[in-house]
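Structure first, then comments.
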Amino acid sequence: MDAKLTTFRPDGEEIDVQLVKPVTVIGRAEDCDLELPLPGVSRRHCEIRLNQGRIEVKDLGSSNGTYVNRRRIDETSLSPGDELRIGCVAFVVRIDGSPRRVASDDAGVLKPPTPAGRRSDAPGGSTGDEDKTEMMEDADVLSALAEDAEENDPVEDAVAALKELRGS
């Protein structure tokens, strides 16, 4: 099985992370298999397991959660085209070349997912007040990320870590 996580730099450059180990630990700590030195990423955030032809993701008790297709998960199987979010980084799952193409809008450094229980696409829709509150909270989170990026440029650090992992 050929399994990859695909993300994009802000300039649109595609970055593929090949999953070859039976267990890949993702987090902020230097001893993780995939280091993402970003705000919102726990030291040991989640793990990806290759298990008898399946790919599974398990949250490791992270503070901000692990999301698959915008839903917070404890543990789940991944399918081709699924979006995996860890902190502010989004990956598209690619298995055996599927999906063949990934748009840069589908992966990369994106706004944080909507917290569980506050989905605007829930049955019955949402009130204007909920949308306004969510937008204000998203703006606050993005502002904090931008301030942090000005100081340390964590996106560049994460891109460097991803490139190092794939050996380029």
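Although no hydrogens or angles enter the test, the distance criterion places no donor-acceptor pair under 3.5 Å between the side chain of Asp82 and the main chain of Val93. The backbone N or O of Glu83 lies less than 3.5 Å from a partner atom in the side chain of Asn69, making a donor-acceptor pair. The backbone N or O of Gly65 lies less than 3.5 Å from a partner atom in the side chain of His45, making a donor-acceptor pair.
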**OP:** Apply side chain to side chain contact (heavy atoms under 4.5 Å, CB included) to Gln18 and Asp2, showing your working.
**Re:** CA-CA 8 Å; Gln18 188 77 39; Asp2 178 36; 2.5 Å; yes
**OP:** Show your reasoning for whether side chain to side chain contact (heavy atoms under 4.5 Å, CB included) applies to Leu34 and Ile48.
**Re:** CA-CA 10 Å; Leu34 175 54; Ile48 308 283; over 6 Å; no
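Salt bridge Arg49/Glu75: present, at least one basic N to carboxylate O contact under 4.0 Å.
Among all heavy-atom pairs drawn from Arg72 and Asn64, the shortest one is NH2-C, 3.8 Å. Across all their heavy atoms, Cys32 and Ile26 have their closest contact at SG-C, 4.1 Å. For the pair Pro80 and Pro99, the tightest heavy-atom approach, listed with the atom from each and the gap, is C-CD, 4.1 Å. Summarising the geometry of Thr66 relative to Cys46, their closest heavy-atom pair is OG1-CB, 3.6 Å, with the distance given to 0.1 Å. Annotation for Ser42 and Ser63: closest pair OG-N, 3.0 Å, computed over non-hydrogen atoms. The two residues Ala90 and Arg85 have their closest heavy-atom pair at CB-CG, 3.9 Å.
Residues near Val20 contribute nothing to a hydrophobic cluster around it, because no ILVMFWY side-chain heavy atom sits closer than 4.5 Å to its side chain.
Among residues two or more places apart in sequence or in another chain, the side chain to side chain donor-acceptor pair (under 3.5 Å) test is passed with Arg54 by Glu56, Ser77.
Leu60 and Phe91 fall into different hydrophobic clusters, where Ile, Leu, Val, Met, Phe, Trp and Tyr side chains are chained together by heavy-atom contacts under 4.5 Å. In terms of hydrophobic clustering, with Ile, Leu, Val, Met, Phe, Trp and Tyr side chains grouped at heavy-atom distances under 4.5 Å, Met1 and Val23 are assigned to different clusters. Leu50 and Ile86 end up in the same hydrophobic cluster when Ile, Leu, Val, Met, Phe, Trp and Tyr side chains are linked at under 4.5 Å. Cluster membership check: Leu36 does not share its hydrophobic cluster with Val25, using side-chain heavy-atom separations under 4.5 Å among Ile, Leu, Val, Met, Phe, Trp and Tyr.
Using modelled atom types, one finds no donor on one side chain facing an acceptor on the other under 3.5 Å when comparing Thr24 with Asp33.
Surrounding CG of Asn51 are more than 12 heavy atoms belonging to other residues, nucleotides or ligands, all under 6.0 Å away.
Rounded to the nearest 0.5 Å, atoms CD1 (Ile15) and CZ (Phe8) are 9.5 Å apart. Residue Asp59 holds its CG atom at 10.0 Å from CD of Glu47, rounded to the nearest 0.5 Å. A distance of 9.5 Å separates CD1 in Ile95 from CG in Leu5, rounded to the nearest 0.5 Å.
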